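Only one structure is covered here, and it is reproduced in the block below.
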Amino acid sequence: MTVRLLVALAIGALFGAGLALSAMIDPARVLGFLDLAGRWDPTLAFVMGGALVPSFIAYRWLRRLEKPALVDSFAVPETAPIDRPLIAGSVLFGIGWGLVGFCPGPALAALLVGGWPVLVFVAALVVGMIVHDRMWVRTA
Amino acid sequence: MAEFNALTALAGGLLIGIAAGAMLLLLGRIAGVSGMAAQSLGLSRGATSRGVAAAFVIGLPLGATLLTIMTNAPAITVTTSLPLLIAGGLLVGFGTRLGNGCTSGHGVCGMARLSRRSIAATASFMAAGFATVFVLRHLLEMPL
């Protein structure tokens, strides 16, 4: 178990280092990418392109493996239809993303280097998650 | 803010992709940050243990902070006003749970496995992000 935790910590750190190296923890850069009508910043497109290559190779590789190296089985989502919650949720997320320039990964990665605004954003993000999972899902 | 640098953007992206690939091949799960965050908060039961999710989430700021110190990167400055910060955080938190993923889970992992759901989700949050920034910067002319 300890090995799994350390590996997960290292993977998280590598992910966070990638976000910092590519400047994606700076919301100004992300807003620059989202500002198509302004002085467009292509950084995010390059980051996503760079990330998709190893990720794509890993998913091809997966087909040849019976199970992951450290756990008993793969937990990859089953194919599901494109439904209304998927689109509505993604649109709401996109609006919040456009308001600030933070999505969950960069916001968490910037926690120790971004000062109080990041703390406020992450606190609100947690509240938004709790509202969905504990209140919205139960009443829906 | 530094100028656009294709090399660090690509290199950073590669690290993110390698991390996502390692999460899949070693621990068998998608490196989706919103899902892991929810699981580490105890909101949802995920594919692997809560401890794995929490360790990944804790690793994010550690790696980013370490790299920031090592590369002597300029400090980030968030100029967004308090009401927008709160509104944005609430929308991102609620929306990623309703839509089952964010830029990492849908954008990087889902698109890499050519999931139609993830491609639709990514197109939706990108479009909403473009539209929101257009309204704020060019219609309302808010300085962001």
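Protein chains get the first letters and strands the later ones, always in sequence-line order, with residue 1 at the start of each. Predicted, not measured: the structure shown is a model, and the values here were computed from it.
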Given a strict heavy-atom distance threshold of 4.5 Å, which part of [X] is in contact with chain B: side chain, backbone, both, or neither?
X        : result
A:Pro27  : side chain
A:Arg60  : side chain
A:Val118 : side chain
A:Leu86  : both
A:Val120 : side chain

Answer yes or no: is there a side-chain heavy-atom contact under 4.5 Å between [X] and [Y]?
X       : Y        : result
A:Val47 : B:Ile16  : yes
A:Leu44 : B:Met126 : yes
A:Arg29 : B:Ile76  : no
B:Thr96 : A:Pro104 : yes
B:Val78 : A:Phe102 : yes
B:Phe56 : A:Ile11  : yes

- Query: Do the ring planes of B:Phe125 and A:Trp97 sit parallel (below 30°), tilted (30 to 60°) or perpendicular (above 60°)?
  - Reply: perpendicular
- Task: Quick one: pull up CG in A:Leu62 and CG in B:Leu24 and give me the separation to the nearest 0.5 Å.
- Result: 5.0 Å
- Query: Going from CG on A:Leu34 to OG1 on B:Thr132, what distance comes out if it is rounded to the nearest 0.5 angstrom?
  - Reply: 8.5 Å
Sort out for me which of [options] touches chain A most, counting heavy-atom pairs under 4.5 Å.
options                            : answer
B:Thr103, B:Asn100, B:Thr77        : B:Thr103
B:Val33, B:Leu10, B:Leu60, B:Leu15 : B:Leu60
B:Cys109, B:Ser115, B:Gly51        : B:Cys109

- Task: Apply side-chain contact (heavy atoms from CB on, under 4.5 Å) to A:Met129 and B:Ser34, showing your working.
- Result: CA-CA 9 Å; A:Met129 287 187 161; B:Ser34 56; 3.8 Å; yes
- Query: Which residue pairs pass the salt bridge (Lys or Arg N to Asp or Glu O under 4.0 Å) test with at least one member in residues 117-133 of chain B, sequence neighbours excluded?
  - Reply: A:Asp83-B:Arg117
Residue, of [options], that accumulates the most heavy atom pairs under 4.5 Å with chain B:
options                              : answer
A:Ile25, A:Asp35, A:Val91, A:Thr43   : A:Asp35
A:Ala69, A:Ala20, A:Ala109, A:Ala110 : A:Ala109
A:Ala10, A:Ser73, A:Ala107, A:Pro117 : A:Pro117
A:Val113, A:Asp72, A:Ile57           : A:Val113
A:Gly115, A:Ala37, A:Ala23           : A:Ala37
A:Ala45, A:Gly49, A:Pro42, A:Ala123  : A:Pro42

- If one checks every heavy atom of B:Phe130 against chain A at 4.5 Å, the contacting part turns out to be both
